[in-house]
Amino acid sequence: MFKRPFLCLPFLLTLCAASAWALTPRQIIVPFYSDEEYVTFEINDIGELKAGNATPLQQAASGNAASDDPLTRALQDRAENIAALFTFDGTVKKTVRNFLFAVELSSPMPDAEGESFSLPGQPPEGTELRPLGKREESDLGTVYLAQMRRGKQYFLLGAHESDLLAVMAAVPESTPTPRRRLDARHFWGAIHAPSTPSPSGDGSAVQLPPPYAAEYSLWDTDRSLRMTLRWDTDTAPSSDKKKETTSPLLLGSGSLLGLFSLENTLSDEMRENIVDQCRSWLNSNGLDSDDLRDVLNGRITLGIAGTTSTLLGNFPGLYLHLAGANRRVRDVLLDAATKLLSEQAKTGTENFSEGIWKGFRTGRWSLLSAYGCVGDGVLLALQNSSELTRTPDLHDDMKAPLENPSPIMLNVDAEHLADALSALLHRFGGLILNDEEQSKSETFLRAMKAFTVLNVTGGDGTLDAELFVRQPEYRRLFESGALDDSGAR
């Protein structure tokens with residue numbers, strides 16, 4: 001009665017072994033990782049992406065138009081998983097030194113047009129390697145292509161040297177791969193940059209940034225595209241400077257169009273470099289290094305909200321808030337801003353106060369409305385002074401990150417910002433842009449209307465971004481001709 005189960009056991013073991021030892025594009029390129037500066041990325045389960053049309057990534061993948069190039073078109077039809085590696089020469093110019101890629105195929109590639117070449121030696125037993133041709137690419141230079149077959153698997157291999165194709169074809173199925181810190185079903189990548197003095201290309205030595213290793217991944221939800229970046233670097237702020245994160249100042253009427261805010265995110269090295277560059281200005285204004293350090297360690301916020309009135313009409317308001325400025329810094333900045341605006345506004349300034357804020361504002365008939373004041377830090381704004389008592393409306397998808405602040409914050413209401421920019425383009429585009437620039441600007445704003453909100457939050461080696469899409473405008477971005485310059489769809 002045990003005969004049938006035991007007969008099935010060898011088959012199951014064989015099936016599991018075949019699955020476990022299947023070669024992946026990542027295994028093919030991992031042996032070429034080195035201590036050099038490199039960028040690698042992977043795209044997986046492409047067939048699954050192209051088969052659906054429900055999520056933002058699927059819509060982007062399925063909407064790609066077929067290429068006019070036969071090889072690229074064949075690859076679009078067959079690509080299942082992709083892994084690529086680019087290494088750089090370590091100079092400031094970031095010249096590509098080596099590159100290679102491996103693409104797992106659903107079926108064999110046809111013969112490609114291109115200059116033929118020969119492969120050195122013979123591939124290992126059980127592996128077939130067939131040259132497909134040599135191509136010249138504008139960005140990469142010469143690319144050698146070959147198709148590899150191992151068992152029932154087919155791969156397209158590409159490299160800048162033909163000898164590398166034979167090395168790639170010899171990679172065994174048992175090749176280990178580094179452990180990822182980020183899981184990504186479809187898109188994943190990594191960056192590595194060593195910290196060593198390297199030639200700049202003109203013979204002089206350049207000190208590269210500190211050791212840096214990062215991983216990034218891209219995925220989606222039903223309503224958004226999401227990306228995560230994780231990095232290891234010795235440029236993180238010292239632990240003794242870490243403190244509770246504060247909220248950015250939200251100021252002005254109407255919608256909050258955009259906000260960029262940082263708090264205590266600079267490394268000691270970066271902060272001291274800024275202090276050194278500003279030392280002469282600090283000395284000439286009676287300030288010292290600690291005054292500037294307080295500003296750099298505090299919350300710095302740049303926001304777009306409210307309104308500023310000018311002789312040409314109303315424009316979106318802009319404000320800068322330095323929460324870490326002490327009294328001496330506040331007085332210096334306010335005095336400098338008062339002198340500058342008095343000269344530009346032509347009609348002078350007047351003192352005013354509102355709650356905890358005291359400062360100056362431009363006169364009623366000035367060229368533009370602006371004010372500067374001190375209270376909780378220092379605030380400089382191109383806004384009507386009445387905006388100081390108002391709080392902007394937040395898009396629903398912006399509320400969560402703004403209610404839970406992080407050291408790094410970028411929040412953009414793309415929907416309302418596109419409307420504001422479109423109005424400005426309609427009013428002034430013909431005066432400052434030629435026809436081509438006007439057309440490109442209109443195309444960009446049409447594309448911008450396919451999105452509603454961008455939120456970026458981060459700190460301590462982490463950066464998370466989420467871009468919410470608007471349907472059906474987003475889907476139409478990937479339809480043929482949806483964004484041509486002739487007009488909107």
Side-chain angles (χ1 to χ4, degrees), residues 237-238 240-252 259-306 308 317-345 348-363 366 368-391 405-409 459:
S238 302
D240 60 349
K241 296 204 286 75
K242 294 182 179 179
K243 58 182 181 179
E244 184 178 353
T245 302
T246 62
S247 298
L249 178 66
L250 304 181
L251 190 67
L259 179 137
F260 178 61
S261 188
L262 301 174
E263 182 176 23
N264 197 35
T265 58
L266 299 179
S267 69
D268 295 338
E269 181 182 0
M270 295 173 63
R271 189 184 65 250
E272 292 311 309
N273 283 338
I274 296 175
V275 170
D276 288 341
Q277 293 175 11
C278 298
R279 197 173 301 278
S280 61
W281 180 85
L282 293 171
N283 294 336
S284 63
N285 286 277
L287 301 175
D288 59 33
S289 301
D290 287 337
D291 294 326
L292 181 54
R293 291 188 185 100
D294 290 341
V295 174
L296 298 176
N297 291 336
R299 172 70 71 178
I300 301 174
T301 300
L302 181 66
I304 306 174
T308 181
L318 183 71
Y319 66 90
L320 173 66
H321 179 227
L322 305 177
N326 60 32
R327 181 176 298 277
R328 292 198 301 172
V329 174
R330 298 174 197 174
D331 292 342
V332 169
L333 291 179
L334 200 62
D335 182 63
T338 303
K339 293 178 180 178
L340 176 64
L341 280 175
S342 295
E343 296 173 358
Q344 297 298 322
T349 61
E350 60 186 27
N351 295 329
F352 84 109
S353 64
E354 185 66 52
I356 65 170
W357 300 100
K358 295 182 179 180
F360 72 92
R361 61 189 174 193
T362 53
S366 299
L368 77 166
S369 57
Y371 63 87
C373 50
V374 297
D376 183 11
V378 62
L379 176 63
L380 305 173
L382 293 176
Q383 284 181 334
N384 299 332
S385 60
S386 59
E387 302 288 1
L388 188 58
T389 62
R390 299 169 181 171
T391 303
S406 60
I408 302 173
M409 301 179 68

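Remark: the backbone N or O of Asp376 is paired with a side-chain donor or acceptor of His321 at under 3.5 angstrom. A donor-acceptor pair under 3.5 Å is formed between the side chain of Thr362 and the backbone N or O of Leu368. Using a distance-only test at 3.5 Å, with no hydrogens or angles considered, no donor-acceptor pair links the side chain of Tyr319 to the main chain of Gly252. In this structure, Asn384 contributes its side chain and Glu387 its backbone to no donor-acceptor pair below 3.5 Å. Looking only at distances, a side-chain donor or acceptor of Glu263 sits under 3.5 Å from a matching main-chain atom of Thr246.
Ser289 and Leu282 make their closest contact through CA-CD1, 4.1 Å (heavy atoms, listed as atom of the first residue, atom of the second, distance). Scanning all heavy atoms of the two residues, the minimum distance from Val295 to Val329 falls at CG2-CG1, 4.0 Å. When all heavy atoms are compared, the tightest approach of Gly372 to Phe352 is O-CE2, 4.4 Å. Considering all non-hydrogen atoms of both residues, Leu334 and Cys373 come closest at CD1-N, 3.5 Å. Of all heavy-atom pairs spanning Val378 and Ala325, the tightest one is CG1-CB, 3.9 Å. Residues Leu380 and Ala337 share a closest heavy-atom pair of CD2-CB, 3.8 Å.
Scanning for side chain to side chain donor-acceptor pair (under 3.5 Å) contacts around Arg330 gives an empty result, with sequence neighbours left out. For Asn283, there are no side chain to side chain donor-acceptor pair (under 3.5 Å) partners at least two apart in sequence or on another chain. Residues satisfying the salt bridge (Lys or Arg N to Asp or Glu O under 4.0 Å) test with Glu272, not counting sequence neighbours, are Arg293. With sequence neighbours excluded, the residues that form a salt bridge (Lys or Arg N to Asp or Glu O under 4.0 Å) with Arg279 are Asp276. Under the rule for a salt bridge (Lys or Arg N to Asp or Glu O under 4.0 Å), the partners of Asp335 that lie at least two apart in sequence or sit in another chain are Lys339. Scored by the salt bridge (Lys or Arg N to Asp or Glu O under 4.0 Å) test, Asp288 finds Arg328 as partners (sequence neighbours excluded).
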Verdict with reasoning, Leu318 to Leu302, per side-chain contact (heavy atoms from CB on, under 4.5 Å): CA-CA 7 Å; Leu318 183 71; Leu302 181 66; 3.9 Å; yes
Trace of the side-chain contact (heavy atoms from CB on, under 4.5 Å) decision for Arg299 with Leu249: CA-CA 9 Å; Arg299 172 70 71 178; Leu249 178 66; over 6 Å; no
Leu251/Thr301 under side-chain contact (heavy atoms from CB on, under 4.5 Å): CA gap, chis, key distance, verdict: CA-CA 11 Å; Leu251 190 67; Thr301 300; over 6 Å; no
Criterion side-chain contact (heavy atoms from CB on, under 4.5 Å) on Leu292 and Ile274, from CA distance to verdict: CA-CA 9 Å; Leu292 181 54; Ile274 296 175; 4.3 Å; yes
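Put simply, CD1 on Ile300 and CG on Leu266 are 7.0 Å apart, with the number rounded to the nearest 0.5 Å. From Leu388, atom CG reaches atom OG of Ser386 across 9.0 Å, with rounding to the nearest 0.5 Å. Between the CG atom of Leu259 and the CG atom of Leu250 there is a distance of 6.5 Å, given to the nearest 0.5 Å. To the nearest 0.5 Å, atom CG of residue Asn326 and atom CG of residue Asp331 are 9.0 Å apart. Atoms CG and OG1, from Leu296 and Thr265 in turn, are 9.5 Å apart once rounded to the nearest 0.5 Å. Note: Asp291 CG to Cys278 SG = 12.0 Å, rounded to the nearest 0.5 Å.
For the pair Trp281/Leu287, a side-chain contact is recorded, criterion being any heavy-atom separation below 4.5 Å from C-beta on. A heavy-atom distance below 4.5 Å is not found between the side chains of Glu354 and Ser385.
Side-chain atoms of Arg361 and Ser369 include no donor-acceptor pair closer than 3.5 Å.
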